[in-house]
Each structure stands twice: as structure tokens, then as C-alpha cells.
Amino acid sequence: MLGLMVSAHPSTPLGRGRGVVVGMLGCFLIGLIWICTFYVFSDDLSRLWVLNDLGQWNLVVGIAFMAVGFSFATKWE
């Protein structure tokens with residue numbers, strides 16, 4: 001939603017414009033970085049307290065970001 005609010009032109013409807021692309025790519029990248037960070041530090045998660053608390057649920061968080069990115073992709077015209 002932040003990408004839509006920041007980049008979409010005020011005269012276009014919410015589902016059009018650059019905001020959808022920014023939101024889509026942002027969610028894809030955040031999800032990818034989340035999963036890659038989890039796998040890189042998976043042997044010792046104590047250094048990253050957020051990843052340590054979630055355990056294997058980190059994969060669900062990363063995939064959820066990517067799913068939101070796909071929902072943005074359906075709004076792209």
C-alpha cells in the first residue's frame with residue numbers, strides 16, 4: 001500500500017500507475033531478501049532476534065510478501 005500512496009499520480013485510480021509496480025517489486029524483493037537472509041543465517045539465528053523468534057515461520061513470512069506482490073501484479077494495467 002505504501003508504494004501505491006507514494007508513487008501513484010493523484011488523478012489516476014488506486015489500481016493504476018507507477019505505485020502498483022513499486023509495490024509489486026518492493027514486496028517481491030522484501031520476500032526474497034527475507035528468505036535468503038533466513039537461509040544464510042539458519043545455522044545460527046541467535047544473531048538476528050526477529051528471525052530467531054519466528055523459526056521456520058520465516059519461510060511463511062517471505063512467501064506472504066511474495067503473495068502480496070502477486071496481488072499487486074493483478075492490479076497492474
Side-chain angles (χ1 to χ4, degrees):
M1 284 304 257
L2 183 63
L4 288 172
M5 291 185 284
V6 171
S7 297
H9 192 270
S11 65
T12 60
L14 193 60
R16 296 185 191 158
R18 296 177 301 179
V20 175
V21 177
V22 170
M24 176 182 66
L25 293 177
C27 287
F28 285 153
L29 287 175
I30 289 170
L32 180 66
I33 290 170
W34 192 284
I35 291 173
C36 289
T37 303
F38 170 67
Y39 276 120
V40 167
F41 293 105
S42 64
D43 57 342
D44 185 21
L45 288 176
S46 63
R47 291 184 274 172
L48 301 170
W49 59 272
V50 173
L51 296 178
N52 188 26
D53 291 343
L54 292 175
Q56 290 295 320
W57 285 98
N58 284 301
L59 297 175
V60 175
V61 172
I63 292 170
F65 273 113
M66 291 181 187
V68 171
F70 280 115
S71 71
F72 273 121
T74 64
K75 304 291 185 200
W76 188 19
E77 293 181 6

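Throughout, residue positions are numbered sequentially from 1 according to the sequence presented. Scope of the values below: all heavy atoms of this structure, side chains included, with no hydrogens, waters or symmetry mates.
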Cluster check Leu48, Val40: I/L/V/M/F/W/Y, side chain < 4.5 angstrom: yes
Pairs in or reaching into residues 60-70: which pass side-chain hydrogen bond (donor to acceptor under 3.5 Å, both in side chains), with residues at least two apart or in two chains? none
Asp43: side chain to side chain contact (heavy atoms under 4.5 Å, CB included) partners, not counting sequence neighbours: none
Is there any side-chain hydrogen bond (donor to acceptor under 3.5 Å, both in side chains) pair reaching into residues 20-38, and which pairs are they, with sequence neighbours excluded? Trp34-Asn58
Exercise: identify the closest heavy-atom pair between Phe72 and Val20: O-CG1, 3.0 Å
Does one hydrophobic cluster hold both Leu32 and Leu54, with members joined at side-chain heavy-atom distances below 4.5 Å? yes
Can you sort out the partners of Asp44 under side chain to side chain donor-acceptor pair (under 3.5 Å), two or more places apart, ordered by chain and number? Ser46
Partners meeting ring-ring contact (aromatic ring centres under 6.0 Å, His included) with Phe41 (sequence neighbours left out): none
Smallest separation among heavy atoms of Met24 and Ala73, with atom names: SD-CB, 3.4 Å
Test: salt bridge (Lys or Arg N to Asp or Glu O under 4.0 Å). Region: residues 27-41. Which pairs qualify, not counting sequence neighbours? none
Residues that Phe28 engages under ring-ring contact (aromatic ring centres under 6.0 Å, His included), provided they are two or more places apart: Phe70
Can you tell me how far the OH atom of Tyr39 sits from the CG atom of Leu59, to the nearest 0.5 Å? 4.5 Å
Return a table of donor-acceptor pairs under 3.5 angstrom between the side chains of residues 60-68 and protein atoms on other chains or two or more places apart.
none

Listed partners of Thr74 passing side chain to side chain donor-acceptor pair (under 3.5 Å), at least two apart: none
Are Ile33 and Val22 in one and the same hydrophobic cluster, where Ile, Leu, Val, Met, Phe, Trp and Tyr link if side-chain heavy atoms are under 4.5 Å apart? no
All pairs passing side-chain hydrogen bond (donor to acceptor under 3.5 Å, both in side chains) where residues 22-32 contributes a residue, at least two apart: none
